Amino acid sequence: MKRCWLVKTEPSSYSWEQFNTDGKVDWTGVRNFQARNHLREMQKGDEVLFYHSVVGKEVVGIATVSKTAFPDPTVDESVKGDWVCVELRPKKALKRGVTLAEIKADAALKEMLLVRHSRLSVIPLAKAEFDRILELAGN
DNA sequence: GCCAACGTTGGC
DNA sequence: GCCAACGTTGGC
């Protein structure tokens, strides 16, 4: 079954603009068990909201999973554990960014893990939450 | 720039 | 196995 996700990134390290320039990216560097488990559950074609943390604090676009979990090539001998990444491709920019403040203010979204668990970097979304964000964005 | 929340590490 | 210390993330 197709699922919806949200990934966070600081635009100063990797932005939506850079993502679009690249055309695709291996979503590497996840070093959190919960986030990793979510990466493993991603299926090809799943839709992923792209969120800018710290700077902007808004959802800026939609990506799709183009390759399911595979070993993270950025892991070397100094890193313990069995880490994975996925390949993402940009699908569509939001017409208008949806900010964290708006998400918190929205009755349908304020229970999102993005709000409740702000440090998790890969977050599963309910379809209704995903749709609501697109609605707020005007897409 | 500060600090709260959380995860990880290491001593016991 | 507990818990204090520490590092990191991310909102404000």
Side-chain angles (χ1 to χ4, degrees):
Chain A
M1 186 191 98
K2 202 165 162 179
R3 299 185 59 184
C4 309
W5 310 90
L6 180 146
V7 294
K8 297 203 290 195
T9 174
E10 290 197 32
S12 58
S13 59
Y14 194 78
S15 68
W16 172 252
E17 290 73 23
Q18 184 63 44
F19 182 35
N20 277 270
T21 301
D22 294 346
K24 63 175 182 178
V25 69
D26 289 343
W27 204 255
T28 58
V30 171
R31 299 289 183 270
N32 169 283
F33 291 108
Q34 234 185 314
R36 182 201 64 190
N37 292 342
H38 293 143
L39 287 179
R40 282 192 173 143
E41 288 172 31
M42 287 186 184
Q43 296 297 310
K44 197 169 175 177
D46 280 1
E47 293 187 298
V48 183
L49 293 179
F50 198 97
Y51 175 79
H52 279 170
S53 65
V54 184
V55 179
K57 282 174 285 182
E58 59 181 354
V59 180
V60 289
I62 309 166
T64 55
V65 177
S66 49
K67 205 179 284 179
T68 56
F70 59 97
D72 185 337
T74 68
V75 168
D76 61 30
E77 302 77 41
S78 68
V79 181
K80 289 187 290 185
D82 177 22
W83 303 108
V84 300
C85 59
V86 296
E87 184 189 84
L88 299 178
R89 290 175 193 259
K91 184 182 179 191
K92 199 174 183 185
L94 296 187
K95 285 184 184 157
R96 193 180 69 74
V98 178
T99 65
L100 182 63
E102 288 177 89
I103 289 169
K104 282 184 167 173
D106 192 283
L109 296 175
K110 65 182 182 188
E111 294 301 313
M112 266 175 69
L113 276 174
L114 177 68
V115 178
R116 286 183 19 230
H117 191 165
S118 67
R119 297 195 46 193
L120 185 59
S121 59
V122 181
I123 297 171
L125 288 189
K127 183 75 166 66
E129 292 168 341
F130 180 85
D131 289 344
R132 178 63 180 150
I133 287 172
L134 295 197
E135 190 183 339
L136 290 174
N139 283 59

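Since the structure is predicted, the reported quantities are computational estimates derived from the model, not experimental observations. In the text below, chain A, chain B and the rest are named by the order of the sequence lines, each starting its count at 1.
Between the side chains of A/Thr28 and A/Asp26, no donor-acceptor pair of N or O atoms lies under 3.5 Å. If you check the side chains of A/Glu10 and A/Ser13, you find no donor sitting under 3.5 Å from an acceptor.
Ranking B/dC6, B/dG7, C/dG11 by closeness to the A/Gln34 side chain, first place goes to B/dG7. Comparing B/dG7, C/dG10, C/dG11 by their nearest atom to the side chain of A/His117 picks out B/dG7. When distances are taken from the side chain of A/Arg119 to each of B/dG7, B/dA5, C/dG11, the shortest belongs to B/dA5.
Distance, A/Asn37 CG to B/dG7 P: 13 Å, rounded to whole Å. Remark: C1' of B/dG7 and CZ of A/Phe33 are 10 Å apart, rounded to the nearest angstrom. When the P atom of C/dG10 is taken as reference, atom CG of A/Leu114 falls 10 Å away, rounded to whole Å. The interatomic distance linking A/Glu10 (CD) with C/dT8 (C1') rounds to 10 Å, in whole Å. Taking atom CZ of residue A/Arg36 and atom P of nucleotide B/dT8, one finds them 10 Å apart after rounding to whole Å. Residue A/Leu120 contributes atom CG, which lies 13 Å from atom C1' of C/dG10 at whole-angstrom precision. Residue A/Glu102 contributes atom CD, which lies 15 Å from atom P of C/dG11 at whole-angstrom precision. At whole-Å resolution of the value, CD1 in A/Ile123 and P in C/dT9 are 15 Å apart.
OP1 or OP2 of C/dG11 sits under 4.0 Å from a side-chain N or O of A/Tyr51.
If you look at A/Trp16 and A/Tyr51, their ring centroids are not closer than 6.0 Å.
Listed for the A/Asn139 side chain is a donor-acceptor partner under 3.5 Å among the backbone atoms of A/Ala93.
Within the 4.0 angstrom heavy-atom criterion, base atoms lie near A/Lys57.
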